[in-house]
Amino acid sequence: MTLLNVLVDFAQTGRIGPLNCGMSLAEDLLGPGRPHPAHIMKGPDIDGYPYSWNGLQLVVTQRAVSGIWINLWPGSTAKLPPVVLPKSESFEATVLREELITALDTADCHHEINPVLTFGEQSSITTQPAEVCAVFSLPGRGHHVPHRDRHDLDLMYKHTA
């Protein structure tokens with residue numbers, strides 16, 4: 001399984017492997033992660049702050065997962081927990097917009113421009129029916145990528161209302 005496979009599956013289903021919005025936070029499934037400082041200061045019942053496992057974040061509301069985020073830093077390598085991306089210590093974190101769009105089209109995953117998050121040098125799509133949002137931008141100064149004029153995937157996320 002590759003990162004692109006994980007992203008397409010997430011776009012189609014709104015799930016990442018066994019992870020989905022609405023499930024209870026299963027730290028034993030992913031390991032302890034790094035809670036946001038608010039969780040440390042105020043305890044596990046605080047809502048809306050993420051637990052993170054390298055490039056994966058789970059937002060927790062009332063002890064249930066209310067958001068799933070994959071954060072990428074184009075031009076670098078990243079890591080996801082083995083339950084999300086099996087047999088991968090790390091992966092190339094650069095995913096071009098054209099590559100993801102082609103993969104979504106090939107998988108027959110419908111997507112539309114997200115006008116709220118498309119402006120300036122940023123663009124965004126939302127997949128249907130899973131309602132996963134992908135946000136792309138031109139590389140920043142700290143991104144070491146070969147194509148500085150092409151949009152890279154910065155993050156993909158799904159959240160419940």
Side-chain angles (χ1 to χ4, degrees), residues 1-26 29-30 33-36 38 47-81 83-85 88 91-140 142-143 145 147-161:
M1 179 171 282
T2 67
L3 174 62
L4 197 55
N5 295 126
V6 170
L7 298 175
V8 169
D9 189 50
F10 183 36
Q12 289 180 303
T13 66
R15 302 174 61 100
I16 299 178
L19 307 175
N20 64 82
C21 289
M23 69 182 278
S24 65
L25 178 63
L29 181 66
L30 294 167
R34 289 185 313 276
H36 187 278
D47 285 343
Y49 294 94
Y51 281 83
S52 60
W53 292 264
N54 297 308
L56 174 71
Q57 289 185 335
L58 299 180
V59 178
V60 179
T61 304
Q62 297 179 352
R63 294 186 180 247
V65 174
S66 58
I68 301 172
W69 295 65
I70 294 179
N71 296 297
L72 301 176
W73 187 259
S76 67
T77 57
K79 184 178 178 180
L80 293 173
V83 71
V84 174
L85 191 57
S88 175
F91 55 87
E92 169 61 41
T94 304
V95 177
L96 293 172
R97 178 176 56 191
E98 295 83 13
E99 291 173 340
L100 182 60
I101 297 295
T102 298
L104 294 175
D105 290 343
T106 300
D108 201 26
C109 180
H110 182 73
H111 50 88
E112 298 174 353
I113 293 173
N114 180 337
V116 175
L117 295 176
T118 299
F119 54 85
E121 295 181 348
Q122 175 176 301
S123 65
S124 178
I125 60 168
T126 302
T127 65
Q128 298 300 327
E131 295 187 4
V132 172
C133 182
V135 180
F136 308 91
S137 66
L138 291 174
H143 297 169
V145 296
H147 305 287
R148 305 212 46 82
D149 59 336
R150 296 171 78 182
H151 284 79
D152 299 311
L153 178 63
D154 289 325
L155 66 105
M156 280 184 81
Y157 67 91
K158 177 176 179 64
H159 61 84
T160 57

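Atom set for the values below is all heavy atoms of this structure, side chains included, hydrogens, waters and symmetry mates excluded. The shown structure was predicted, so the numbers you read here are calculated from the model rather than taken from an experiment.
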Sole residue of Leu153, Val95, Ile16 in side chain to side chain contact (heavy atoms under 4.5 Å, CB included) with Ile70
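By the side chain to side chain contact (heavy atoms under 4.5 Å, CB included) criterion, Ile70 pairs with just one of Leu153, Val95, Ile16: Ile16.
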I'd like to check [X] versus [Y] (side-chain heavy atoms, cut-off strictly below 4.5 Å). Are they in contact?
X: Leu100; Y: Leu4; result: yes
X: Leu72; Y: Leu155; result: no
X: His159; Y: Val59; result: no
X: Leu19; Y: Leu56; result: yes
X: Phe136; Y: Ile125; result: yes
X: His151; Y: Leu96; result: no
X: Asn114; Y: Glu112; result: no

Step by step, would you call Ser66 with Val60 a side chain to side chain contact (heavy atoms under 4.5 Å, CB included)?
CA-CA 5 Å; Ser66 58; Val60 179; 5.8 Å; no
Check: [X] side chain, [Y] main-chain N or O, donor-acceptor pair, under 3.5 Å:
X: Thr2; Y: Asn5; value: yes
X: Asp9; Y: Val6; value: no
X: Thr127; Y: Gln12; value: no

Restricting to side-chain contact (heavy atoms from CB on, under 4.5 Å), what partner residues turn up for [X], sequence neighbours left out?
X: Thr118; answer: Ile113, Ser123, Ser124
X: Ala64; answer: none
X: Cys21; answer: Ile68, Lys158, Thr160

Heavy-atom pair of closest approach, residues Asn20 and Met23:
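Answer, listing the atom of Asn20 first, then Met23: O-CG, 3.0 Å.
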Looking only at heavy atoms, which two atoms of Ala11 and Ala130 are closest? And how far apart?
O-CB, 3.3 Å
Please step through side chain to side chain donor-acceptor pair (under 3.5 Å) for the pair Ser137 and Asp154, ending with a clear verdict.
CA-CA 7 Å; Ser137 66; Asp154 289 325; 2.4 Å; yes
Distance in Å, Arg15 CZ paired with Phe10 CZ, rounded so as to fall on 0.5 Å steps
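Going from the CZ atom of Arg15 to the CZ atom of Phe10 covers 11.5 Å.
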Rounded to the nearest 0.5 Å, what separation is found between the CD1 atom of Ile101 and the OG1 atom of Thr106?
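If I round to the nearest 0.5 Å, the distance is 11.0 Å.
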In sequence, state the C-alpha distance, the side-chain angles, and the governing distance for Thr126 and His111, and then conclude on side chain to side chain contact (heavy atoms under 4.5 Å, CB included).
CA-CA 5 Å; Thr126 302; His111 50 88; over 6 Å; no
Are Tyr157 and Val132 close enough, and set up right, to give a side chain to side chain contact (heavy atoms under 4.5 Å, CB included), and what steps lead you there?
CA-CA 6 Å; Tyr157 67 91; Val132 172; over 6 Å; no
Under the rule for side-chain hydrogen bond (donor to acceptor under 3.5 Å, both in side chains), what residues qualify as partners of Glu121, not counting sequence neighbours?
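Scan of Glu121 (side-chain hydrogen bond (donor to acceptor under 3.5 Å, both in side chains), adjacent residues dropped) gives none.
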side-chain hydrogen bond (donor to acceptor under 3.5 Å, both in side chains) against Thr13, all qualifying residues, sequence neighbours excluded:
none
Pairs where residues 93-108 contributes a residue and the test salt bridge (Lys or Arg N to Asp or Glu O under 4.0 Å) is met, not counting sequence neighbours
Glu98-Arg150
